[in-house]
Visitor: 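I'd like to ask some things about the structure below.
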Amino acid sequence: MAALTYSTRIDAPADRVFAVAADIPNAAGRISGITKVELETDGPVGTGTRFRETRVMFGKEHTETLEITEFDPPRSYSVGCDSCGVLWDSRFTFTPEAGGTRVGVVMKSTPRTLMAKLMGALTAPMMRKTMDKCINGDLADLKRACEAAAV
């Protein structure tokens, strides 16, 4: 699957938007697609933080272990995951824009096994539609949370 790119504008300053987005322990309370988050590492969220995120996908709960691979407040962070033979990398950027913040997400997937390559070729259109719904929903929830906090 090619890189997927998403973007939204949030009427709140970049440092606040970054802080809300990077508040991984409380994500399930803000992002409707996430049902549970369990930290696997101690200390503040940053590079190396590992967590288990549970979402409902295709009508069933699905849990993945994710790791923050890059953390540059308040500009960006990246989250990686190795799942079902696919290496996933999601980069979140927070750019000041006309009194608010432009949030960008670039999600890349790299199949690493023959089965992942075959399944990816067969399911790419369905996965694209699912990922579009998931990430756009997450961004809408983040926008609501940040703009409500700004009031």
Side-chain angles (χ1 to χ4, degrees), residues 1-58 60-113 116 120 124 127-151:
M1 185 175 355
L4 305 177
T5 303
Y6 306 91
S7 177
T8 194
R9 186 181 183 292
I10 297 177
D11 289 324
D15 58 341
R16 182 177 320 142
V17 176
F18 181 92
V20 172
D23 182 11
I24 304 299
N26 296 303
R30 285 185 311 280
I31 307 297
S32 59
I34 299 174
T35 58
K36 182 167 61 169
V37 172
E38 303 164 274
L39 287 178
E40 292 189 341
T41 53
D42 294 326
V45 171
T47 302
T49 296
R50 290 177 53 87
F51 58 99
R52 292 172 47 84
E53 179 183 280
T54 302
R55 292 178 171 267
V56 175
M57 301 207 47
F58 305 109
K60 295 184 179 184
E61 279 199 339
H62 183 73
T63 302
E64 288 294 341
T65 300
L66 305 162
E67 181 174 346
I68 296 179
T69 57
E70 181 184 323
F71 197 73
D72 184 20
R75 290 176 282 285
S76 66
Y77 69 89
S78 295
V79 177
C81 174
D82 191 346
S83 176
C84 302
V86 178
L87 185 60
W88 294 89
D89 178 65
S90 301
R91 180 167 175 78
F92 299 80
T93 56
F94 306 85
T95 306
E97 179 183 279
T101 304
R102 172 66 51 189
V103 178
V105 180
V106 176
M107 180 177 258
K108 296 178 184 175
S109 62
T110 306
R112 300 184 321 130
T113 65
M127 283 301 294
R128 169 78 193 230
K129 187 175 179 179
T130 299
M131 295 311 295
D132 287 352
K133 183 178 178 183
C134 178
I135 301 302
N136 285 323
D138 289 359
L139 287 173
D141 289 343
L142 177 64
K143 180 178 177 69
R144 275 189 289 281
C146 290
E147 290 179 354
V151 175

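Only heavy atoms go into these numbers, but all of them, side chains included; no hydrogens, no water, no symmetry mates.
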Visitor: Atom OG1 in T93, atom CZ in F18: separation rounded to 0.5 Å?
Guide: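 It is 11.0 Å, given to the nearest 0.5 Å.
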
Visitor: For residues G99 and R9, report the shortest heavy-atom separation together with the two atoms involved.
Guide: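 Reported closest heavy-atom pair: C-NH2, 3.9 Å.
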
Visitor: For the pair T101 (side chain) and A12 (backbone), establish whether a donor and an acceptor sit closer than 3.5 Å, ignoring hydrogens and angles.
Guide: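 Such a contact is found between T101 side chain and A12 backbone.
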
Visitor: Tell me, with the steps shown, if I24 and I68 meet side chain to side chain contact (heavy atoms under 4.5 Å, CB included).
Guide: CA-CA 10 Å; I24 304 299; I68 296 179; 4.2 Å; yes

Visitor: V45 and A22: which non-hydrogen atoms are nearest, and at how many Å?
Guide: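 Minimum heavy-atom separation between V45 and A22: CG1-O, 3.6 Å.
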
Visitor: Measuring from R16:CZ to D11:CG, what's the distance to the nearest 0.5 Å?
Guide: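 If I round to the nearest 0.5 Å, the distance is 11.0 Å.
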
Visitor: Could you grab the distance from atom CG of L142 to atom CD of E147, nearest 0.5 Å is fine?
Guide: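 Answer for the CG-CD pair, L142 versus E147, is 9.5 Å.
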
Visitor: Is any side-chain heavy atom of D132 closer than 4.5 Å to a side-chain heavy atom of Y6?
Guide: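 They are in contact (side-chain heavy atoms under 4.5 Å apart), so the answer is yes.
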
Visitor: Suppose the criterion is salt bridge (Lys or Arg N to Asp or Glu O under 4.0 Å): which pairs have a residue in residues 18-29, not counting sequence neighbours?
Guide: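 Every salt bridge (Lys or Arg N to Asp or Glu O under 4.0 Å) pair that includes a residue of residues 18-29, provided the two are not neighbours, is D23-R30.
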
Visitor: Return the set of residues passing side-chain contact (heavy atoms from CB on, under 4.5 Å) with S90 (not counting sequence neighbours), or none when no residue passes.
Guide: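 F92, M107.
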
Visitor: Just so I know, are the side chains of D15 and F94 near enough to count as touching, which here means a heavy-atom distance under 4.5 Å?
Guide: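 In short, these two side chains do not touch, never coming nearer than 4.5 Å.
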
Visitor: Has the side chain of T47 got a donor or acceptor atom that lies under 3.5 Å from a matching backbone atom of F71?
Guide: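 Yes; judged by distance alone, with no hydrogens or angles, the pair exists.
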
Visitor: I'd like to know whether I135 forms a side chain to side chain contact (heavy atoms under 4.5 Å, CB included) with L4, so could you lay out the CA-CA distance, the side-chain angles of the two residues, the decisive distance to 0.1 Å, and finally the verdict.
Guide: CA-CA 10 Å; I135 301 302; L4 305 177; over 6 Å; no

Visitor: What is the distance from atom CD of E53 to atom CG of L39, rounded to the nearest 0.5 Å?
Guide: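 The distance works out to 11.5 Å.
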
Visitor: Can you tell me which residue among T65, T49, L66 is in a side-chain contact (heavy atoms from CB on, under 4.5 Å) with E40?
Guide: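 Among T65, T49, L66, the one that satisfies the side-chain contact (heavy atoms from CB on, under 4.5 Å) with E40 is T65.
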
Visitor: Can you name the residues that form a salt bridge (charged side-chain N to carboxylate O under 4.0 Å, His left out) with R52, not counting sequence neighbours?
Guide: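 Partners of R52 under the salt bridge (charged side-chain N to carboxylate O under 4.0 Å, His left out) test: E38.
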
Visitor: About how many Å separate OG1 of T8 and CG of N136, when rounded to the nearest 0.5 Å?
Guide: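 Taking CG in N136 and OG1 in T8, the distance rounds to 8.5 Å.
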
Visitor: Check S78 against R91 and note the closest heavy-atom contact, atom names and distance.
Guide: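 Looking at all heavy atoms of both residues, the closest pair is OG-NH1, 3.4 Å.
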
Visitor: Any idea which heavy atoms bring A27 and V37 closest together, and the distance?
Guide: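 Reported closest heavy-atom pair: CB-CG2, 4.2 Å.
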
Visitor: For R50, is there any backbone N or O sitting under 3.5 Å from a side-chain donor or acceptor partner on T41?
Guide: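 At least one qualifying donor-acceptor pair exists.
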
Visitor: Is the side chain of D141 donor-acceptor paired with the backbone N or O of S32 at a distance under 3.5 Å, no angle test?
Guide: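 It does hold such a pair.
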
Visitor: When rounded to the nearest 0.5 angstrom, what distance separates NE2 in H62 from OG1 in T35?
Guide: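 Taking NE2 in H62 and OG1 in T35, the distance rounds to 11.5 Å.
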
